[in-house]
2 protein chains.
Amino acid sequence: MNDGPAFCDQCTIADRAICAVLGEAEREELTRYGRRRRYSRGDTIIAAGDSNYGFATLIRGAAKIATIDADGTERIVALAHPAGLLGQLFAPGDDLHVMALTDSEACLFPREQIESLVNSHPALAARMLQETTRDLGRARSLIDLISKRKSTARVAALLLEFARAASPAACHDAKAFDLPLSRGEMAQLLGLTIETVSRTLTGLERDGLIERRGAHGIVIRDQDGLTALVT
Amino acid sequence: MNDGPAFCDQCTIADRAICAVLGEAEREELTRYGRRRRYSRGDTIIAAGDSNYGFATLIRGAAKIATIDADGTERIVALAHPAGLLGQLFAPGDDLHVMALTDSEACLFPREQIESLVNSHPALAARMLQETTRDLGRARSLIDLISKRKSTARVAALLLEFARAASPAACHDAKAFDLPLSRGEMAQLLGLTIETVSRTLTGLERDGLIERRGAHGIVIRDQDGLTALVT
DNA sequence: CGCATAGTTGAATGTGCTCAAGCGCCGTGG
DNA sequence: CCACGGCGCTTGAGCACATTCAACTATGCG
């Protein structure tokens, strides 16, 4: 988790990230306060109550965004991918926890700085609005997903989503990929138990819809069959 | 469902709505294209595929935002209250359906017009970003809510949320209120069946936590007891 | 090698779902 | 005015499915 200033010219997603809409001058202003950090799996990127660096862009890797209630139970409410936004603006009370799922890198910014930049730079505000709207859509898809009754529907839908996310091309889904989540994390995301997730996966494999390669490798054998299970 | 131009000077929420950040001139520009409409319970405010008037502000009443999948099943993903945003920007493919829950009034705008206004007026973009971020937070709370295992937890959480929403003052929750949703709609929202919602409510009443007054009247008898059930 | 952690599998329990019947309310029409 | 039918809500019985508790295996790390 070593620190460094945020050098945009070395940034692999400088074109896709929200920073892309900023001019040279604003970018340098951001760089002055921003921090770039590396994380390994399990590291906390933004802690629940952190008010200093409450905002970040994911540069590389993957992260989970979770609520954590009184008894320490974690509930994953979203996954983040490169160029995605981490942390909430204008939301002091929200106790969201952001954690690296794989080795990752993120660009951290002080909340107030971003907020003031948003107010002074229309393009940034528009860009962030776009991104947040997308996140909102994703959150609503997740609601749709976990309100499915049967565990097979939830797991199948999640697998299809990962297949899409794992694909380099937008048009085609990947047929083989690695699950970025542990069974426990999948369970948290889907509102199920670890055991049920495990059983459901073995069931899907028994029925020839998927094939497991080790604990995290998945091969989709019958995409249409999986899609049919979702509904 | 009678139409009318959008007269902002008659608007009861002109101060709270996103329009508040606009100057006189922009407001008039909005008014030129905007339409104000009344709806009664069950009316569609924004249809799933509507691309003309894809965006609106709720002025009065309450609305539900739902997805509707292939077999016609409706899934409520959010509730909207006055000054709330209806419809998605930058999201052409999203098939969200917005429906009035009570007699309501909304201000409809062509999507492109809002999008161009967002790009030219930083204050509007910032304001909408704020609102969308809030919506995102609410969506994530809903995820949190429906991922609770037991039906009592879900129903209790929903009741507490309504109690808060029904209260005029922010500090105190209302103790007695009317459910704005039918049993079926609560079921859609919570990912349960009508029967389970009904049974759970009778169970909560039997245990002395709430009291039912007719089909929709609710009196909270033991708020702490309800809160304890949520976790 | 041995421990710790993640994942799988089994048996028993419990909870929500399904199917089905019954109730109360309200508006319609005879 | 009352009978009828529709609709929303409730209640019951049986069943299917996910959870729980528990043992066991596999994998990875010291």
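What you are looking at is a predicted structure, and each value in this text was computed from that prediction instead of being measured. Each chain gets a letter, A, B and so on, in the order its sequence line appears, and its residues count up from 1.
- Across D:dC17, C:dC17, D:dC9, the shortest atom-to-atom separation from the side chain of B:H216 is found for D:dC9.
- Here the C1' atom of nucleotide D:dT10 and the CG atom of B:L204 are 15 Å apart, to the nearest Å.
- The backbone N or O of B:A228 sits nowhere less than 3.5 Å from a side-chain atom of B:T231 that would complete a donor-acceptor pair.
- Residue B:S182 has no polar side-chain atom (N or O) positioned under 4.0 Å from OP1 or OP2 of D:dG8.
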Between N or O atoms, less than 3.5 Å apart, protein on one side and nucleotides 28-30 of chain D on the other: list the pairs.
none

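- Judged purely by atom type and a 3.5 angstrom limit, A:T200 uses its side chain to pair as donor or acceptor with the backbone of A:T196.
- Atom pair B:L192:CG and C:dT18:P shows a separation of 11 Å (rounding to whole Å applied).
- Residue B:R183 places at least one side-chain N or O closer than 4.0 Å to OP1 or OP2 of D:dT10.
- Salt-bridge check for B:E185 with B:R41: passed, with a basic side-chain N closer than 4.0 Å to an acidic carboxylate O.
- Between B:K64 and B:E74, at least one side-chain nitrogen of the basic residue sits less than 4.0 Å from a carboxylate oxygen of the acidic one, meeting the salt-bridge criterion.
- We find that NZ of B:K148 is positioned 18 Å from C1' of C:dT15, with the value rounded to whole Å.
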Name the pairs: protein N/O against N/O of nucleotides 21-23 of chain C, kept only if under 3.5 Å.
none

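- Atom C1' of nucleotide C:dT8 and atom CD of A:E205 are separated by 12 Å, given to the nearest angstrom.
- Checked against A:V98 for a side-chain contact (heavy atoms from CB on, under 4.5 Å), the options A:T44, A:I45, A:D43, A:L58 give a single hit: A:I45.
- Between the side chain of B:S147 and the backbone N or O of B:I143, at least one donor-acceptor pair lies under 3.5 Å.
- In this structure, B:S151 reaches the C:dG16 phosphate: one of its side-chain N or O atoms is under 4.0 Å from OP1 or OP2.
- With DNA chain C read from its 5' end, the first of the two nearest nucleotides for A:L201 and B:K150 is the one closest to A:L201.
- Between the CZ atom of B:R154 and the P atom of D:dA18 there is a distance of 13 Å, given to the nearest Å.
- The distance from the CE atom of B:M186 to the NE2 atom of B:H216 is 9.0 Å, given to the nearest 0.5 Å.
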Please produce a list of atom pairs where a protein N or O lies less than 3.5 Å from an N or O of nucleotides 11-15 of chain D.
unit_1: D:dG12; atom_1: N7; unit_2: B:R199; atom_2: NH1; d: 2.8
unit_1: D:dG12; atom_1: O6; unit_2: B:R199; atom_2: NH2; d: 3.2

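- No contact: B:G214 has no heavy atom under 4.0 Å from any strand.
- In this structure, A:D103 and A:R60 approach most closely via the heavy-atom pair O-NH1, 3.7 Å.
- Panel note: side chain A:S198, backbone A:I194; no donor-acceptor pair is recorded below 3.5 Å.
- Interatomic distance, CG of A:L96 versus CD1 of A:I68, reported as 11.0 Å (0.5 Å rounding).
- With A:R75 contributing its side chain and A:Q188 its backbone, the two residues share a donor-acceptor pair below 3.5 Å.
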